[in-house]
*Asks:* 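Structure incoming, see below.
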Amino acid sequence: MRTSDAVEAAPQCYARIAGVLYLIIIAGGLFAEVLVRQRLVVSADPAVTAASILSHEMLYRFGLTAHVIVLLSALTLLFILISSA
């Protein structure tokens with residue numbers, strides 16, 4: 001493999017990583033917002049929301065974990081996009 005091949009392959013690698021990160025962001029965001037939030041949050045009643053979170057603690061933790069993974073993926077994507085510019 002020549003040096004020029006390695007330099008040309010780097011943008012494709014970054015593009016593939018960015019694509020995977022976009023898929024993680026989409027899937028994690030949909031899971032956290034659609035599946036978790038709609039089941040736990042009652043917009044008109046904070047007491048019912050708190051009770052729902054307490055009764056479905058593991059689901060709440062999965063949603064929080066999904067949000068953290070989305071955040072880390074977005075930050076990594078940001079650095080990839082900045083470095084490729």
*Asks:* Kindly compute the distance separating CG (Leu59) from CG (Leu64), expressed to the nearest 0.5 Å.
*Replies:* 11.5 Å

*Asks:* If only atom types and distance count, is the side chain of Ser83 paired as donor or acceptor with the main-chain N or O of Phe79 below 3.5 Å?
*Replies:* yes

*Asks:* Rounded to the nearest 0.5 Å, what separation is found between the CD1 atom of Ile24 and the CG atom of Leu77?
*Replies:* 10.0 Å

*Asks:* CZ/Phe62 to CG/Leu35 distance, rounded to the nearest 0.5 angstrom?
*Replies:* 12.5 Å

*Asks:* Return the minimal non-hydrogen interatomic distance between Leu81 and Tyr22, and the atom names on each side.
*Replies:* CD1-OH, 4.1 Å

*Asks:* Of the non-hydrogen atoms in Ala66 and Gly28, which two are nearest, and what is the gap between them?
*Replies:* CB-O, 3.9 Å

*Asks:* Please check this pair: side chain of Ser73 against backbone of Leu21, looking for a donor-acceptor N/O pair closer than 3.5 Å.
*Replies:* no

*Asks:* List for me each residue that meets side-chain contact (heavy atoms from CB on, under 4.5 Å) alongside Leu23, sequence neighbours excluded, and say none if there are none.
*Replies:* none

*Asks:* In the hydrophobic clustering that connects Ile, Leu, Val, Met, Phe, Trp and Tyr at side-chain heavy-atom distances below 4.5 Å, which members other than Val34 occupy its cluster, ordered by chain and number?
*Replies:* Ile26, Leu30

*Asks:* Given side chain to side chain contact (heavy atoms under 4.5 Å, CB included), test Asp45 with Val42 step by step and report yes or no.
*Replies:* CA-CA 6 Å; Asp45 196 354; Val42 179; 4.2 Å; yes

*Asks:* Mind checking the CE-OG1 spacing from Met58 to Thr65? Nearest 0.5 Å is all I need.
*Replies:* 9.5 Å

*Asks:* Only counting residues at least two apart or in another chain, list the ones meeting salt bridge (Lys or Arg N to Asp or Glu O under 4.0 Å) with Arg61.
*Replies:* Glu57

*Asks:* To the closest 0.5 Å, what do you measure between CD1 (Ile17) and OG1 (Thr76)?
*Replies:* 10.0 Å

*Asks:* In Å, rounded to the nearest 0.5 Å, how long is the span from NE2 of His67 to CZ of Phe31?
*Replies:* 9.5 Å

*Asks:* Should Ile25 and Ile80 be regarded as members of a common hydrophobic cluster, given that ILVMFWY residues are connected when their side-chain heavy atoms come within less than 4.5 Å of each other, either directly or indirectly?
*Replies:* yes

